[in-house]
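Counting starts at 1 for both ligands and their atoms, following the listed order.
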Amino acid sequence: MKKRILVTGGAGFLGSHLCERLLNEGNEVISLDNYFTGSKENIVHLMDNPYFEVVRHDVTMPFFIEVDEIYNLACPASPIHYQYNAIKTIKTSVMGAINMLGLAKRVKAKILQASTSEVYGDPKVHPQKEDYWGHVNPIGIRSCYDEGKRCAESLFFSYYRQNDVRIKVMRIFNTYGPRMHPNDGRVISNFIVQSLKNEDIPIYGDGFQTRSFCYVDDLLEGMVRLMNTPESFTGPVNVGNPNEFTIKQLAELVIKMTGSKSKLIFQPLPQDDPLQRQPDISLAKKELDWEPFINLEEGLEKTIDYFKKIIK
Ligand code: NAD
Ligand code: UDP
């Protein structure tokens with residue numbers, strides 16, 4: 001059955017892929033975005049589809065529409081972008097969640113929150129399971145994002161308990177792929193762009209901090225499956241790829257795959273940069289029957305191809 005679906009942050013990296021997928025599945029899709037980090041370029045190829053609507057709007061302001069489902073993705077995701085205007089990041093997470101939950105409550109829509117592995121902060125438990133409460137510095141430079149997203153989770157569960165809103169909370173771990181912003185400062189886009197330009201690759205710290213990288217198609221499969229779980233399943237659920245790499249390994253792999261002449265240069269580790277991150281995905285396997293299939297080399301190949309096309 002055709003559903004009418006609102007995607008906030010629809011012109012961003014994940015949002016644009018999600019809009020495309022939901023349209024391909026025969027739904028009516030509305031992208032809502034203020035274009036802070038997203039761009040029309042990401043969705044222009046969808047615009048002649050009569051079932052796709054594009055709205056320029058900021059989630060910190062109320063929004064009225066009739067929809068069946070809401071995917072709430074609006075929020076800058078890269079540390080450079082979310083720290084650029086920390087207060088705005090908090091407003092986007094918190095006011096955005098309140099406005100979208102209010103909308104979901106009024107029209108009885110199901111609503112999914114794009115939460116993050118950052119709710120675990122610099123974790124003391126490894127790998128991270130959903131029942132770990134995290135280790136977040138509440139006043140550090142990452143707190144606008146981490147605490148904003150934690151408050152959003154709290155709002156989701158309060159609307160669920162108090163107002164019976166049908167919620168789904170997804171904790172997304174580092175995800176990459178085509179349409180990442182070339183200057184957003186995230187590690188995969190940075191390393192690919194520098195490698196393709198044969199420029200020095202900055203490694204923050206000693207490069208032994210780890211991340212686990214999930215390719216965008218795998219992640220979206222988990223996201224859509226989560227939205228379609230029975231009402232009793234709210235999450236939070238981790239979705240990400242459990243294969244863990246050090247940042248140095250990642251840099252070496254990208255240099256090899258691009259045949260680059262780039263050299264590694266070491267720079268200070270930013271404050272509160274998590275040392276280890278790896279999802280425990282047993283809950284996603286059980287409840288969503290989901291696991292990722294695309295390995296890092298395969299995903300990097302597709303992402304490198306994309307950046308080759310857009311970098312002059
Ligand atoms: P992105 O920056 O590419 O996309 C975010 C989108 O939200 C952009 O199009 C931006 O313009 C829009 N936006 C920002 N503030 C807004 C506001 N106030 N009103 C309306 N639109 C606004 O980032 P992404 O990687 O696509 O991330 C999407 C969501 O997934 C975010 O909520 C992010 O926190 C979450 N997430 C992503 C990752 C990842 O690795 N990509 C990991 C964890 C969580
Ligand atoms: N990083 C790096 N060089 C870069 C960009 C990032 O060494 O050019 C490191 C960063 O310090 C962090 C990891 O790569 O340890 C992942 O950073 P990213 O900003 O992609 O996401 P995070 O998981 O920290 O939110």
Option whose closest heavy atom lies nearest to atom 37 (C) of ligand 1, chosen from L14, T175, T116: L14
Which ligand 1 atoms are under 4.0 Å away from a heavy-atom of Y35? 11 (O)
When only distance counts, is V187 in polar contact with ligand 2, meaning an N/O pair under 3.5 Å? yes
Among side-chain atoms of T210 and E244, is any donor-acceptor pair under 3.5 angstrom? yes
N238 side chain to Q128 main-chain N or O, any donor-acceptor pair under 3.5 Å? yes
Give the single entry among I203, L264, N190, L275 that approaches atom 8 (O) of ligand 2 most closely by any heavy atom. N190
For ligand 1, does N174 get within less than 4.0 Å through its side chain, its backbone, both, or neither, judged by non-hydrogen atoms? backbone
Is the charged tip of K168 near the ring of F233: under 6.0 Å from the six-membered ring centre and within 45° of its axis? no
List the steps, then state whether side-chain contact (heavy atoms from CB on, under 4.5 Å) holds for V29 with Y51. CA-CA 6 Å; V29 176; Y51 294 105; over 6 Å; no
Out of Y145, Y176, F173, Y204, who is nearest to atom 6 (C) of ligand 2 when you count heavy atoms only? Y204
Logged contact type for S115 with ligand 1, heavy-atom cut-off 4.0 Å, is backbone
Identify, by atom number and element, the atoms of ligand 2 in contact range of E118, meaning under 4.0 Å from any of its heavy atoms. 25 (O)
Do H81 and Q83 meet the criterion of a side-chain donor-acceptor pair at a distance under 3.5 Å? no
R166 versus Y160, side-chain donor and acceptor atoms under 3.5 Å: no
Proximity winner for atom 16 (C) of ligand 2, if only heavy atoms of R211, Q267, H81, Q209 are counted: R211
the protein heavy atom lying closest to atom 13 (N) of ligand 1 turns out to be N34 OD1, 3.3 Å
Atom 31 (C) of ligand 1: the protein heavy-atom neighbour that sits closest, reported with distance to 0.1 Å: L73 O, 3.2 Å
What is the ring orientation for Y120 with F173, classed by angle as parallel under 30°, tilted 30 to 60°, or perpendicular over 60°? tilted
Scan side-chain atoms only and decide if N241 and S212 contain a donor-acceptor pair under the 3.5 Å cut-off. no
N or O contact, A74 vs ligand 1, cut-off under 3.5 Å: no
Non-neighbouring partners of F191 that pass ring pair (Phe, Tyr, Trp, His ring centres under 6.0 Å), sequence neighbours left out: none
Option whose closest heavy atom lies nearest to atom 19 (O) of ligand 2, chosen from A77, P79, A251: P79
Does ligand 2 have an atom that lies less than 4.0 angstrom from a heavy atom of R277? yes
Contact atoms of ligand 1, heavy-atom distance to G12 under 4.0 Å: 3 (O), 4 (O), 8 (C), 9 (O)
On a heavy-atom basis, I'd like to know which of D33, V239, V7 is closest to atom 11 (O) of ligand 1. D33
In terms of side-chain heavy atoms, does D33 have a donor or acceptor partner in S31 at a distance below 3.5 Å? no
Looking at ligand 2, does any of its N/O atoms fall within less than 3.5 Å of an N/O of P202? yes
Using only heavy-atom distances, determine whether the side chains of D184 and S189 contain a donor-acceptor pair under 3.5 Å. yes
What about L32: any of its N or O atoms under 3.5 Å from an N or O on ligand 1? no
Is the contact between H57 and ligand 1 made by the side chain, the backbone, both, or neither, using heavy atoms and a 4.0 Å cut-off? backbone
With salt bridge (Lys or Arg N to Asp or Glu O under 4.0 Å) as the test, pick out the partner of E118 among R277, R171, R211. R277
Has Q194 got any heavy atom lying under 4.0 angstrom from an atom of ligand 2? no
Using heavy atoms and a threshold below 4.0 Å, how should the contact between Y145 and ligand 1 be classified: side chain, backbone, both, or neither? side chain
Can you tell me which residue and heavy atom of the protein come closest to atom 10 (C) of ligand 1, and the distance to 0.1 Å? T37 OG1, 3.2 Å
Considering only heavy atoms, which of A77, G38, P76, C75 lies nearest to atom 5 (C) of ligand 1? C75
Can you tell me if Y35 and D58 form a side-chain donor-acceptor pair at under 3.5 Å? no
K149-ligand 1 polar pair, N/O distance under 3.5 Å: yes
M180 and ligand 1 - part of the residue with a heavy-atom distance under 4.0 Å: neither
